[in-house]
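Please read the structure below before turning to the comments.
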Amino acid sequence: MRVELEGPPDADIMFVGEAPGETEDKLGKPFSGRAGRTLNNLLAQAGIARYQCIVTNVAKERPPANRISYFFEDKKCTIPKPKMQAWVNELKEDIELYKPNIIVALGATALWALTGEKKISIFRGYIIPCSLVPGVKVIPIYHPQAINYDWKLYFQSVLDFRKALRHSKTPELPEVKQIYRPNVNLPEFLAYMEECITNPEWDRLAIDVETVQPGSHIEELGLSHSPDFGISIFLLKGRIPTLPEKDELLLWQTFARLVKTKKIIMQNGAYDIGILWYNQHILIPDLYMDTLIAAHVCWPELPRDLGFLGSVCLNVPPWKSGSAKNELYNPADAANTFGISEVLDLELSTQKVRHTFNFEMGLIPVALMMQLQGIKVDRETQTELKEKWNTVMVEMKTQLDTIIGREINFNSPKQMQELLYGDLKLPAQYKRRKSVRDKRTLTTDAAALRKLAGMVPDNPIFNLILDYKKANTLLRFLDVKLSPESRVHTSYNITGASSDDEEDTKKTKRSFGRWSSSKSIILPFGSGNLQNIPPEARKMYLAEPGWTIIQADLIQAEAVVVSHLTGNTKMQQMFKDAFGLANKERKPYDIHVLKATELFGVPWEEVNKVQRKTGKVIRHARNYSAGPGVLANRLGITMSDAKKLIVADERVDPSLGLWHLSIQEELKRNRVLTNLLGRKHRFLDRWGDTLFRSAYSYIPQSTIGDLLNVSLRKVYDKLLEVPFEVKLLLQLHDALYPMVRNENVNETIKLLRDNMLHPLTYNNQEFTIDVDFKLHTSWAEGEELEINWKEVGDGIPKII
DNA sequence: GATTTTACGTA
DNA sequence: CGTACGTAAAATCT
């Protein structure tokens, strides 16, 4: 059936979808099916009344199998067949007839028909001119059906619909008042900087640098004192300097004077400040706002790249869409960073999250210092380890090639499938599914290999493959490039996942407040992520001669938090009683033994190792609502035994289940959870178990992440006060690794403990997570310290 | 050549 | 149907 346009002739807003679906086809009404229900929901969230709007589609008939490409000549849907062209002409006439103030292009097909553009992910949220009927404005938004498939797009689309409503009062496109001065000469740039310095009313300055790799050399420098102005100068063209040395020196001298007088705004300042310091030796003394951090605090679940933030915060045209060589790119970045900062500043107040913002801003210098400092690798040990594991790898490969009779790439899932399930005809092993509705996919991962090894005990290849793969993986962590000073460096990312990837708008940004670690662009040495180095590879990270690496751990950190969240008073008491004791003295307060006594009804003294391990695993698994499959896997027991264990534990500790339910209740209210240090997170996934599991882990995980960083900042502040040198080497989520000279170990441990004990409050009850220490000659080998802090009191412990 | 999938390391 | 994170190689798409 042909589906006609619907709505009042005097409507301000016109929604244009793609084509009718099954329900629409039957009822003859646009957006009357599942996508229509999602549209209605979005409109309600945005405060738009559908009956006051025009609703239609580009195509008036349903394509076979709902595939819009049926109406096009080409696969990319850019050359319409005559029927489609006629509908586009019809759409043009409708727009001219009804003259809406704004047209909402729902999805890529509508965007194409109205503007000729294709990429919805780039243009969504921006007000752009309609090319079909010039003079009309269009705002592209994801199609409701796309949102149904990918629920993460929901929240940002609500923001987009609100923007559409704001712009529906008048037909005019937003006025373009921005002035950009790209690629100016030195006198003009110097004059601008001098004007900034002398004008006290311009108190803030946005800075953006473009760099070339390798070396992160500054290619272009952009500045802005207002959302409506941006200026830039090139320092490099290709790799050739544009300015004589003397002139460039003058530029940087003036710049260094300028930044001292202004509140600085940057997007991802940790990088820009880092290279300004590393390459130009210019210190940015007052970073007033990092828009990446502000966005992370205000909207942790949304993308954070400038293009996205611009679409949400500003009324400027999309400036990131053209070719990368667009001259205006850099000055526009600077000006729009300024504009975005003003909106985020208000948002921080509205959402009452400024404390989290200030906290994260305070971490920038710490993370940057750790990145630039790096951590030393002993080249000799590295070579030894590389040789050792290379030998293992080659040996396994030789044996396997002989047994199998041909060469196989064991890193190739495809070849592995052919071997295991084709040649050997072994029972298929499937990957764990996110939902029972998902289709099963074959796997050849380590767990599958171990299972097959158990089924065919007389065939040695499974264990050989496992050993081969282990050596192979390890080599990835060992065979890394070192800096000339034999160091590796990592970029610690305060806002978690990096988001300068513009194509990546579909991924939800999670970031529970924990730092992530990735490859440093400034100093690209090492394996990148330093938070996932396996123990064997840690052996090559040696303490410098005469120095000791100290490991300061938050003890049982997440478990302590969970005991308070669930109101498990027995566990709380045990943590309290064990507080400050030496490691050896903690035995009577072992929560895993406690769990075993409860679970198996055996007296404390008679709990054996297997029972303790069972207690440990089940507690951890149940905290985060793991299923019997995981438990069976972890403990090497059958599914039915695992199920029984879970049932038994539910009887022993019903508080966990109740806590999970209370989290669901809290999510129901507004989908926002707040951790014990006040950090908020909105959960945008589709309502269901995946969402719940993620939410259960949020408060314990993010509280500990924040807690450790509170400590880290406090320790960092002390570094300048103490009369000896402390190097902060690593941050591993619940542990800090400083390195000091041997003679300063005692004082450092005292300092660490003083600054890492930080009381938390839940339900008006105060508690403190304990800290313990290990001393290392390398990152791998550590010796547990036995300190009874009750005996030490306020003094300094005498360890060495 | 760019993007997606698979596998795997840590807390 | 633990979660969180980043990297690399293979597979797949264009």
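Below, chain A is the first sequence line, B the second, and so on; all start at residue 1.
Between A:Leu673 atom CG and C:dA4 atom P there is a gap of 13 Å when expressed in whole angstrom units. When rounded to the nearest whole Å, the span between CD1 of A:Ile704 and C1' of B:dT10 equals 17 Å. The OH-P distance, from A:Tyr696 to C:dC1, rounds to 13 Å in whole Å. Here the C1' atom of nucleotide C:dA4 and the CZ atom of A:Phe512 are 7 Å apart, to the nearest Å. Taking atom CD1 on A:Ile494 and atom P on C:dG6, their separation rounds to 14 Å, with Å as the unit. Put simply, CZ on A:Arg686 is 16 Å from C1' on C:dC1, counting in whole angstrom units. Atom-to-atom, CD1 of A:Ile646 to P of C:dG2 comes out at 9 Å; the value is rounded to the nearest Å. Rounded to an integer number of Å, the gap from CG of A:Asn493 to C1' of B:dA11 is 16 Å.
Listed by residue number, there are no residues of residues 638-645 of chain A with a heavy-atom contact under 4.0 Å to DNA chain C. Within residues 409-421 of chain A, the residues approaching DNA chain C are A:Asn409, A:Asn411, A:Ser412, A:Pro413, A:Lys414, by heavy-atom distance under 4.0 Å. Scanning residues 614-636 of chain A for heavy-atom distances under 4.0 Å to DNA chain C yields A:His620, A:Tyr624, A:Ala626, A:Gly627, A:Pro628, A:Val630, A:Arg634.
Of the candidate nucleotides C:dG2, C:dG6, B:dC8, B:dC8 has the atom nearest to the side chain of A:Asp445. The side chain of A:Phe477 lies closest to B:dG9 when the candidates are B:dA11, C:dC1, B:dG9. Considering only side-chain atoms of A:Lys469, the nucleotide from C:dA4, C:dC5, B:dA7 that sits closest is B:dA7.
Residues A:His660 and A:Phe692 keep their aromatic ring centres 6.0 Å or farther apart. Ring pair A:Trp112/A:Phe72: centre-to-centre distance below 6.0 Å. Side-chain rings of A:Tyr696 and A:Tyr624 stay apart, their centers remaining 6.0 Å or farther from each other. Ring to ring, A:Phe683 and A:Tyr698 are close: their centroids are under 6.0 angstrom apart.
Taking 3.5 Å as the limit, the base of B:dG9 and the side chain of A:Asn532 contain a donor-acceptor pair of atoms between them.
Taking a 6.0 Å sphere around NZ of A:Lys469, one finds it holds more than 12 heavy atoms contributed by other residues, nucleotides or ligands. Dense packing is recorded around NZ of A:Lys118, with more than 12 heavy atoms of other residues, nucleotides or ligands lying under 6.0 Å away.
Not one side-chain nitrogen or oxygen of A:Ser517 sits closer than 4.0 Å to the OP1 or OP2 atom of B:dT10. Neither OP1 nor OP2 of C:dG6 sits under 4.0 Å from any side-chain N or O of A:Lys519. Residue A:Arg432 places at least one side-chain N or O closer than 4.0 Å to OP1 or OP2 of C:dG2. A:Ser516 has a side-chain polar atom (N or O) that falls below the 4.0 Å cut-off from OP1 or OP2 of C:dG6. OP1 and OP2 of B:dT6 both lie 4.0 Å or more from every side-chain N or O belonging to A:Thr443. Within the structure, every side-chain polar atom (N or O) of A:Ser518 is placed at least 4.0 Å from both OP1 and OP2 of C:dC5.
Considering only heavy atoms from C-beta on, A:Lys714 comes within 4.5 Å of A:His758 through its side chain.
If you take OH on A:Tyr154 and CZ on A:Arg671, they are separated by 8.0 Å, rounding to the nearest 0.5 Å.
Under the 3.5 Å distance criterion, with hydrogens and angles disregarded, no donor-acceptor pair is assigned to the side chains of A:Thr490 and A:Ser520. No side-chain donor-acceptor contact under 3.5 Å links A:Tyr541 and A:Gln382.
At the heavy-atom level, A:Ser702 lies nowhere under 4.0 Å from the strands shown. At the heavy-atom level, A:Ile533 lies under 4.0 Å from the strands shown only through sugar-phosphate atoms. Looking at heavy-atom distances under 4.0 Å, A:Ala446 makes contact with sugar-phosphate atoms alone, never a base.
Salt bridge present: A:Lys388 and A:Glu536 bring a charged side-chain N and a carboxylate O closer than 4.0 Å. Taking the charged nitrogens against the carboxylate oxygens, A:Asp706 and A:Arg514 have no contact shorter than 4.0 Å, which rules out a salt bridge.
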Trace of the salt bridge (charged side-chain N to carboxylate O under 4.0 Å, His left out) decision for A:Arg753 with A:Asp770: CA-CA 9 Å; A:Arg753 189 170 165 87; A:Asp770 209 350; 2.9 Å; yes
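For C:dG2, there is no paired nucleotide, since no Watson-Crick or G-U wobble pair has both relevant distances below 3.5 Å.
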